[in-house]
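Working notes for the structure below.
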Amino acid sequence: MAGDHGQLQAVLFDMDGLLVNTEPFWFEVEHAVMARLGGTWTPQDQQALVGGSLHRSVDYLLSRAAGPAGGSGGSSPQANTAGGSGGSSPQANTAGGSGGSSPQANSAGGSGGSSPQANTAGGSERSSQPASTASREEVADWLIAGMADLLAEREAALMPGAIELLTEVREAGIPRVLVTSSEQVIMDAVLTSLARHDIGFTATVCGADVSEPKPDPEPYRLAATLIGADPRYCAALEDSPNGAVSALAAGCITIAVPGVAPVEPRPGLLIVPSLADVDLALLRDLAARAALAAS
């Protein structure tokens with residue numbers, strides 16, 4: 001897209017909490033997994049994990065289960081916030097490793113698998129396995145299987161303005177890339193749901209496609225590379241601090257629509273209340289301004 005200097009080359013969309021309201025599903029599954037580990041789960045715990053990788057979610061759950069009952073204590077790992085916290089690196093590999101799967105384009109109808117099922121809020125079964133004997137792989141399987149099951153049973157609600165913006169961008173012939181930290185089976189379930197509304201994407205990036213998840217810039221750099229675009233003229237839309245930091249670091253035009261976790265203002269970041277406040281004219285204007293600033 002070398003000839004598109006100053007023009008909007010692509011729109012890059014986060015998934016959970018931006019396009020679809022999956023956060024209640026995540027809370028239900030995380031609550032059930034924590035119950036299997038013998039602990040409790042709070043809305044504050046969920047907020048701490050918004051926009052993070054599966055790897056970090058697993059570590060957080062296991063640390064919470066190992067801490068004092070009913071409290072997060074001082075041993076809980078800090079979630080990746082916009083500025084990062086604690087002494088440890090915010091980067092984490094996804095549970096599936098750093099490679100192995102190539103970036104997927106427009107795939108739908110994800111796989112199931114024999115992963116242990118996470119108990120949903122109404123479930124009566126509980127694992128008798130104590131937290132100390134649950135492996136990281138088992139906890140990851142519980143999370144993935146629980147989300148896949150919920151998404152198969154119930155359709156996640158679309159966020160206000162999502163269909164309108166996606167339709168407008170598609171009709172203009174502008175590439176659309178889904179950039180999510182979720183694992184592929186979860187992304188595929190959401191893609192199947194979105195396809196019922198005639199929503200598709202030019203390409204996709206999920207957690208298994210990168211070695212460094214958000215807030216690292218790798219996911220958004222990969223998204224631009226997949227469609228041959230210059231990140232400086234790609235508009236990225238996010239709802240989490242981690243996602244906003246990732247898109248900004250990749251050099252994208254970045255718009256945040258805060259959801260469960262607040263997003264703090266920072267240079268180059270436009271914050272809006274809803275996707276309904278974003279249209280193609282705004283995105284094109286932002287791309288033109290980016291070109292002027294670069295000239």
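Since we're looking at a predicted model, the values are computed, not measured.
- Every residue two or more places apart in sequence or in another chain that forms a side chain to side chain contact (heavy atoms under 4.5 Å, CB included) with Ala256 is listed here: Val263, Leu269, Ile271.
- Put simply, Leu248 and Leu286 are part of two different groups of oily side chains (I, L, V, M, F, W, Y) that touch within less than 4.5 Å, one to the next.
- Not a single side chain to side chain donor-acceptor pair (under 3.5 Å) links Ser57 to another residue, sequence neighbours left out.
- Counting heavy atoms from C-beta on, the side chains of Trp26 and Asp16 come closer than 4.5 Å.
- Judged purely by atom type and a 3.5 angstrom limit, Thr225 uses its side chain to pair as donor or acceptor with the backbone of Arg221.
- The heavy-atom pair separating Val185 from Ala148 by the smallest distance is CG2-CB, 4.2 Å.
- A distance-only check finds no donor-acceptor pair linking the side chain of Ser193 to the backbone of Leu191 [under 3.5 Å].
- Applying the side chain to side chain contact (heavy atoms under 4.5 Å, CB included) criterion to Val257, with sequence neighbours excluded, gives Leu18, Val272, Leu275.
- In this structure, the side chain to side chain donor-acceptor pair (under 3.5 Å) partners of Gln44, at least two apart in sequence or on a different chain, are Thr42.
- Applying the side chain to side chain contact (heavy atoms under 4.5 Å, CB included) criterion to Ala288, with sequence neighbours excluded, gives no partner residue.
- Taken to the nearest 0.5 Å, the CZ atom of Arg136 stands 7.5 Å off from the CG atom of Leu62.
- Between Leu12 and Cys252, the closest side-chain pair of non-hydrogen atoms falls below 4.5 Å.
- With sequence neighbours excluded, the residues that form a side chain to side chain contact (heavy atoms under 4.5 Å, CB included) with Ala156 are Val20, Thr22, Phe25, Leu151.
- With hydrogens and angles disregarded, a donor-acceptor distance shorter than 3.5 Å links the side chain of Glu168 to the backbone of Leu280.
- Counting only residues at least two apart or on different chains, the salt bridge (Lys or Arg N to Asp or Glu O under 4.0 Å) pairs with a member in residues 6-15 are Asp14-Lys214.
- Of all the heavy atoms in Pro231 and Ala250, the pair that sits closest is CB-O, 3.3 Å.
- For Asp277, there are no side chain to side chain donor-acceptor pair (under 3.5 Å) partners, not counting sequence neighbours.
- Remark: Asp209 CG to Glu218 CD distance equals 9.5 Å, nearest 0.5 Å.
- In this view, Asp239 satisfies the side chain to side chain donor-acceptor pair (under 3.5 Å) rule with no residue, not counting sequence neighbours.
- Contact between Tyr233 and Gln7 at its shortest, heavy atoms only, is CB-O, 3.3 Å.
- Of the inter-residue distances, the one linking Leu19 atom CG with Leu166 atom CG reads 5.5 Å to the nearest 0.5 angstrom.
- Arg154 and Glu28 are joined by a salt bridge, as a carboxylate oxygen and a charged side-chain nitrogen come within less than 4.0 angstrom of each other.
- By the salt bridge (Lys or Arg N to Asp or Glu O under 4.0 Å) test, Glu155 pairs with Arg196, sequence neighbours left out.
- Here the OG atom belonging to Ser274 is positioned 10.0 Å from the CG atom belonging to Leu165, to the nearest 0.5 angstrom.
- Residues meeting the salt bridge (Lys or Arg N to Asp or Glu O under 4.0 Å) test with Asp285, sequence neighbours left out: Arg289.
- Between atom CH2 of residue Trp41 and atom OH of residue Tyr60 there is a gap of 5.5 Å, rounded to the nearest 0.5 Å.
- Taking hydrophobic clusters as Ile, Leu, Val, Met, Phe, Trp and Tyr residues chained together by side-chain heavy-atom distances below 4.5 Å, Met15 shares a cluster with Phe27.
- Here the side chains of Leu194 and Phe201 are in contact, with some heavy-atom distance below 4.5 Å.
- One N or O on the side chain of Arg176 and one on the backbone of Gly200 form a donor-acceptor pair closer than 3.5 Å.
- One distance of note links OG1 of Thr180 with CD1 of Ile186; it measures 8.0 Å at 0.5 Å rounding.
- When all heavy atoms of Ala134 and Leu37 are compared, the pair lying nearest together is CB-CD2, 3.6 Å.
- With Ser295 contributing its side chain and Leu292 its backbone, the two residues share a donor-acceptor pair below 3.5 Å.
- Of all non-hydrogen atoms in Gly17 and Met159, the two that sit nearest each other are O-CE, 3.7 Å.
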Checklist entry - Can you check salt bridge (charged side-chain N to carboxylate O under 4.0 Å, His left out) on Glu30 and Arg64, steps first, answer last? => result CA-CA 12 Å; Glu30 289 159 353; Arg64 281 280 283 107; over 6 Å; no
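- With Glu138 contributing its side chain and Ser135 its backbone, the two residues share a donor-acceptor pair below 3.5 Å.
- Using modelled atom types, one finds no donor on one side chain facing an acceptor on the other under 3.5 Å when comparing Ser246 with Asp216.
- The two atoms that bring Ala203 and Leu226 nearest to each other are CB-CD1, 4.1 Å, heavy atoms only.
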Next on the checklist: side-chain contact (heavy atoms from CB on, under 4.5 Å), that's the test. Do Tyr220 and Glu238 meet it? Break it down for me.
Outcome noted: CA-CA 11 Å; Tyr220 280 102; Glu238 273 283 353; 2.5 Å; yes
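- Every residue two or more places apart in sequence or in another chain that forms a salt bridge (Lys or Arg N to Asp or Glu O under 4.0 Å) with Arg170 is listed here: Asp198.
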